[in-house]
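Excluded from the calculations below are hydrogen atoms, water molecules and symmetry mates; all remaining heavy atoms, backbone and side chain alike, are included.
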Amino acid sequence: MKLELHRLKVRRLAWGSRTAFDKGLLSIDRSALTDLLAKDGRFRSVTLDLALPGESVRIIPVKDVIEPRCKLDGPGEVFPGFIGDVETVGEGATLVLEGAAVVTCGAIVGFQEGIIDMSGPGADYTPFSKTCNLVVTFEPVDGLEKHEYEAACRMAGFRAARYLADSVRDVAAETIDTVQWPPLSEAMTAHPGLPKVAYLYMLQSQGLLHDTYLYGVDVKRILPTLVSPTEVMDGAVVSGNCVSACDKNSTYAHQNNPVIAALLARHGREINFVGCIVTNENVTLADKKRSSAAAVKLARMLGVEGLVISEEGFGNPDADLIMNCRRAEAAGIRTVLITDEFAGSDGASQSLADAAPEATAVVSVGNANARVVLPPMERVIGFPREANVIAGGFDGSMRDDGSIEVELQAITGATNELGFSRLSAVTV
Amino acid sequence: MKLELHRLKVRRLAWGSRTAFDKGLLSIDRSALTDLLAKDGRFRSVTLDLALPGESVRIIPVKDVIEPRCKLDGPGEVFPGFIGDVETVGEGATLVLEGAAVVTCGAIVGFQEGIIDMSGPGADYTPFSKTCNLVVTFEPVDGLEKHEYEAACRMAGFRAARYLADSVRDVAAETIDTVQWPPLSEAMTAHPGLPKVAYLYMLQSQGLLHDTYLYGVDVKRILPTLVSPTEVMDGAVVSGNCVSACDKNSTYAHQNNPVIAALLARHGREINFVGCIVTNENVTLADKKRSSAAAVKLARMLGVEGLVISEEGFGNPDADLIMNCRRAEAAGIRTVLITDEFAGSDGASQSLADAAPEATAVVSVGNANARVVLPPMERVIGFPREANVIAGGFDGSMRDDGSIEVELQAITGATNELGFSRLSAVTV
Amino acid sequence: MTYRVVHYINQFFAGIGGEEQAGQKPLLKEGIVGPGQALAAEFGDKATIVATVVCGDGYFAENMDEATETIIGLIASCKADAVIAGPAFNAGRYGTACGAVCTAVKDRLAIPALTAMYPENPGVDLFRKETIIVETADSARGLRKAVPPMASILLKLLEGRELGLPAEEGYLPQGLRKNLFRAEPGAERAASMLVKKLRGEPFETEYPMPVFDRVPPAPALKDLKGARIALVTSGGIVPKGNPDHIEASSASRYGEYDISGVSDLTSADYATAHGGYDPTYADGDADRVLPVDVLREMEREGIFAKLHDLFYTTVGNGTPVAMAARFGREIAVKLREAAVDAVILTST
Amino acid sequence: MTYRVVHYINQFFAGIGGEEQAGQKPLLKEGIVGPGQALAAEFGDKATIVATVVCGDGYFAENMDEATETIIGLIASCKADAVIAGPAFNAGRYGTACGAVCTAVKDRLAIPALTAMYPENPGVDLFRKETIIVETADSARGLRKAVPPMASILLKLLEGRELGLPAEEGYLPQGLRKNLFRAEPGAERAASMLVKKLRGEPFETEYPMPVFDRVPPAPALKDLKGARIALVTSGGIVPKGNPDHIEASSASRYGEYDISGVSDLTSADYATAHGGYDPTYADGDADRVLPVDVLREMEREGIFAKLHDLFYTTVGNGTPVAMAARFGREIAVKLREAAVDAVILTST
């Protein structure tokens, strides 16, 4: 599979009479896009806002973040299973509006959405203070059931992201990155002498709004299988997850999966990166064991020596992470795990809900219990009072002066377990 | 993965005071096994019978056929997800009671079970006239819902099959077949010059009792993935399917998948057999397209030049078969399809519900509409009146003298689309 | 015993003349004429050509029904045990006449009949399903080669022996699928076929793909308000007890049932006869497959004028396409006669 | 300004004597004694050792509470801004005394305190979480090296400056997890770590695995009939409105609620405060998480004697293990006092 990522670097957003791109400025036709999204009869209101890096703006409660992309060439369309059809993606050419993001905002579960500050101390913790954000805030029609509300917001986010890219598809790319992903028949004979490595990609699938989709299929229903990096870049994996904002993988993080990027960067030099194994994180022990056994079986089938394993979420999924580690190490496959920590606000507690001596190589993306005070912002997009009930917030989080004291848990992407950020933790 | 199949050749069955094997005779402790199966409170009655090749015996209605196997060594147990745990199987040693079969018999859907004749013209059409059969007939407790009845019969069949093998696990094998299945890292570099070939293994998953299970997971819920031949031999794939008897794949047929055997037989000489791709046969067009795209993607990932594609069932799944063929051929992968035909009792009709010019290489396992008269048998196990409503039967199928005129459709395994039998069809 | 065979030939092979004599009406000649000589030699004492019926190709083509009627009468008068026609080689009208005569003989006199043609003779496509056609060369130079299989097949038919495969016996395939046991199991054949296909070696598919009919949809109704709508299903919904005994699969019939006054299909009165799906939900509420309830509501609301009093139902489970096509034709005629404007087809 | 520091040392370093003088009671000496010289030199003019408290290691070990009380009194009398204790090197009782004194000073006087020890000194494990312990060699030969970090850290604490990492500053890790930004994103670090691990090169995990407590289950009840059973949940079920404001995650508290007379948790009165799962079903019927309804039935049927009037609830979502352990201890005491025989713990 060969995929070209045609990149346009977005440096500013503005409303315009039509959606267009010119020298870093993405103009957005506000009414056209509002109309497009409002066609979904499940919304009472659809509101568009802009939030740019450095502005005194807070977005709360954030559901998902999506990078605007569309297919320029090749089979299928981005977000297969949701937009377009269910074709295998990852070939041809895809337009990427780098630096832009669609942020969906809605109080679906109330305490399972997050905060993005565009400036101030909170901005240090979220990757999405550095993107030019189109924020879409949804209110549901009366009586809309939460799962329907989530589905509506999810679809609307994809539609908006695809709309932005598709609207400027005729603009010539500024840079083109090419990813050439060979079949295993070639990959297995390439780069002799370098260790074969795969990526074990754990997707949140505990259900009841903790859901991730692969080609539109709720992954709690699958057995582990193989995907190529270029499929992931085209949105084969998307988030439908409503859980603590710090370490749920936004669709943006999937589209720009940094583990894939890091392994590709070392491919052919230090390692031979041969595949991505997607697996799920289910709730019953039998499901955990089955998926773990099957995922490690695929790793053995690939004949890899090493695995990077990324988690999504915390607590219950720690058991999946550790089980995957133990099984892989028992099969002679060396592992590195990426996880965040819940060590208490003082850092004195154990960080994970499960542990194993085999887990000798762990990357920590930070203690999500650590607290931060977010000062008042000039502008708040969304529903600020949710801070009191948001996971990572507490009663009194929202202060009279508009400042908020919360755990990092409440900040979107703060401890992203794909290893998106530089945050970590150490023992002191 | 290395699997040893330890074989004992069963030539006779008899009731005995304990379950034991001696010189081809498998003695069965009838009451111990009855007690084991009757523990499931969903049965009103559990009846055991013996049916041997050449006897004047008819079994009707047949739900499933299972070969007695158990693990002697290695992880897991046969029928993972049902017996034992959910571990990956296919390694170590497995005991096979070759020549024996457990036949489960129950009028679950009435017209979706089959007929096995142990002698006479019907015997020519079913593979299970050549096996020494332990027939287990179940009656459900009053009011038991059909899906529960199916699940109970399914489990009971696996329990009985595992019980028989496990009871004689200490008997030394007469022959040992060893299957060595290398990881892809080795397979891809082995046998240079031979074309790489995979097996696309379509599993019935239309739902409403048209179900197949992989490690206990209903495959309608999966995306296509890879399994190794040795996993299939250990019962990773089992039938929960109630549909026309001729071309539903019994668990026995999965355990002894003849496509896998044929490809293994040519492996290293004529082809390089590198993998099995399991996929499903779902009812909606989007599901069909998604699974077909993903299955062919896996074939492309494997970098194979050729695929054998086997179907299960007829009509609606013909669309999946043809779609898989077209997509693979479009990707430059040569295909051979295995299907049966429904060409009318006179053979004058079109045989499939879908067709494509790309399907240039088709193996026909026979026209299931062809009629046969089954003469009366001295002994009938089960519920003979079901012949009037069985699929492939018709009102009046059951004649006063005990003979039955039916289509081959009603005969268990008559047109097995794994290519188990020698039956075929030609144009005259 | 010696079988009595009547031979049918055209005016040219009867020595009457060429195209200028093509208007020749049917006539009966005692004994053997023209190519009958070779056939008679091949039959030896097992069969005798007792008479030869001759007809001009032009006359037959222009007066097909009348000519057939006359010819059948002439053959019947000979107390024939069988009829042999041609060979017609590549002569189109002659081939058509031979095929038509053989078909009529089989249907009307219920005795064996066969003919022989060049595969591209238009008579082949018209009659290969109805009658055995022995393969010949494209001209009379191929007579000598055509005669042995013609004689041998006719004798087998007369003696009630089963025919071998077309290629073995020398006749053109009739397009009927027939079961047989091959030497190897299907999986072995599949693996071998794949090896050949990959090597670029010749291989023979066991099922050449048919070309499917594509029926263009009728134009949409402009106005529903005045429309009479009928329900037709292949989902097997029948009055409980399945009064017409529609088969669970490979249906040989369809049912026509009155639903005037019925506004809901209850489990007390309706069920499915279909053997291809789990009947739990259809039996529980047959409206799930045949939505009478919803259509009655729409009828009451005036969305359309009337739900047709009769619905048509069969089982689309392993039912041959040829059978389904016949059901479709018959049902369409009835619906048109009942002035139905549109049909909702439901499946399973 | 110059900070006022009190130095704590044992009888040996005070020059009073060895083991034979270990029974020495606490005493205050004005100014600098023994190792205080080196510390004072390092402080320069930023801090002054105003007094030295001396206590025999044996006396402290045998009279810990009394000795601590006395020492705190002595220190308080000096109007100290901070306390420095030791270094204790590898002397076990001395190390324990230093740790205990520093901890008491922090807790009771709310001023900075630190000590210094060899990592294997038993005082380290006892007090590393409570107080800063500078790493030293195992004997007094390491004094010169220990003094600069002791002085530097104490001054940072006095000045309210943030401490660097243990390895940078020279103190033993306290076992607290602290966030920081590293040079590379996590995914890059993971890939690099894997490369090192595969090459057999040294690498450092960012989270050394903890060893988990395993609690052996209590013996099963012999007889349920007379048992009083309580419900405890981490599923966050609370009276509607969440009167104690239990946090949606990282709970800092648990609730105790009376369910005497309640036989069913209705959506009118109960809901979940848990932020880690979709609350639709728990809010719809809280018995799904806290099965009061079923237990009331069993109580009525006499399967057990009584459902305890109080239930305990918290939110097990990102809640630190240390916090959960405290909740558990407190709840267990209350349940034992209430003569509860068994507890049903429900999760989510």
Measure distances from [X] to the heavy atoms of chain D and classify the residue's part below 4.5 Å as side chain, backbone, both or neither.
{"X": "A:I260", "answer": "neither"}
{"X": "A:E305", "answer": "both"}
{"X": "A:N316", "answer": "neither"}
{"X": "A:P195", "answer": "side chain"}
{"X": "A:D346", "answer": "backbone"}
{"X": "A:I338", "answer": "side chain"}
{"X": "A:F314", "answer": "side chain"}
{"X": "A:T335", "answer": "both"}
{"X": "A:S421", "answer": "backbone"}
{"X": "A:R334", "answer": "both"}

Looking only at heavy atoms and a cut-off of under 4.5 Å, which of [options] has the most pairs with chain D?
{"options": "A:T415, A:T360, A:V308, A:L263", "result": "A:T360"}
{"options": "A:G313, A:G207, A:A355", "result": "A:A355"}
{"options": "A:A359, A:G315, A:S345, A:A368", "result": "A:A359"}
{"options": "A:V365, A:L337, A:V283, A:N367", "result": "A:N367"}
{"options": "A:L418, A:I271, A:I309, A:V362", "result": "A:V362"}
{"options": "A:G366, A:A370, A:S351, A:A261", "result": "A:S351"}

Just so I know, are the side chains of [X] and [Y] near enough to count as touching, which here means a heavy-atom distance under 4.5 Å?
{"X": "D:V289", "Y": "D:T272", "value": "no"}
{"X": "A:S424", "Y": "D:L180", "value": "yes"}
{"X": "A:V336", "Y": "D:F203", "value": "no"}
{"X": "A:D124", "Y": "A:V372", "value": "no"}

Practice prompt. State whether the number of non-hydrogen atoms from other residues, nucleotides or ligands found under 6.0 Å of D:K145 atom NZ is greater than 12.
Written response: no
Worksheet item: When you look at CD of A:E145, are more than 12 heavy atoms from neighbouring residues, nucleotides or ligands closer to it than 6.0 Å?
Response: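 Counting neighbours around CD of A:E145, more than 12 heavy atoms of other residues, nucleotides or ligands fall under 6.0 Å, so yes.
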Tell me, out of [options], who's got the most heavy-atom pairs with chain A below 4.5 Å.
{"options": "D:R199, D:E204, D:E169", "answer": "D:R199"}
{"options": "D:K129, D:M209, D:R128, D:Q174", "answer": "D:M209"}
{"options": "D:N179, D:L165, D:T280, D:T205", "answer": "D:N179"}
{"options": "D:G316, D:S192, D:G164, D:P185", "answer": "D:P185"}

Discussion item. Salt bridge (charged side-chain N to carboxylate O under 4.0 Å, His left out), that's the test. Do D:E247 and D:R253 meet it? Break it down for me.
Written reply: CA-CA 8 Å; D:E247 294 88 344; D:R253 61 200 83 157; 3.0 Å; yes
Item to complete: Tell me, with the steps shown, if A:R326 and A:E358 meet salt bridge (charged side-chain N to carboxylate O under 4.0 Å, His left out).
Response: CA-CA 6 Å; A:R326 296 181 74 150; A:E358 291 89 340; 3.7 Å; yes
Practice prompt. Given salt bridge (charged side-chain N to carboxylate O under 4.0 Å, His left out), test A:R266 with D:E188 step by step and report yes or no.
Written response: CA-CA 10 Å; A:R266 285 159 180 77; D:E188 284 292 325; 2.8 Å; yes
Item to complete: Determine the interplanar angle of the A:F273 and A:H267 rings, folded into 0 to 90°, and report it as parallel if under 30°, tilted if 30 to 60°, perpendicular if over 60°.
Response: perpendicular
Worksheet entry | Residues A:E150, A:K146; criterion salt bridge (charged side-chain N to carboxylate O under 4.0 Å, His left out); working and verdict | CA-CA 6 Å; A:E150 188 282 323; A:K146 279 183 202 303; over 6 Å; no
Fill in: Over all atoms of both residues, closest heavy-atom pair of A:G114 and A:A245
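Smallest heavy-atom distance, with atoms named: CA-CB, 3.3 Å.
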Discussion item. Is it true that D:S234 and D:Y254 share a donor-acceptor pair across their side chains at a distance under 3.5 Å?
Written reply: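 Absent: no donor and acceptor within the cut-off.
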Fill in: Contact origin within D:A325 toward chain A - heavy atom pairs under 4.5 Å
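For D:A325, there is no contact with chain A at all, as no heavy atom is under 4.5 Å.
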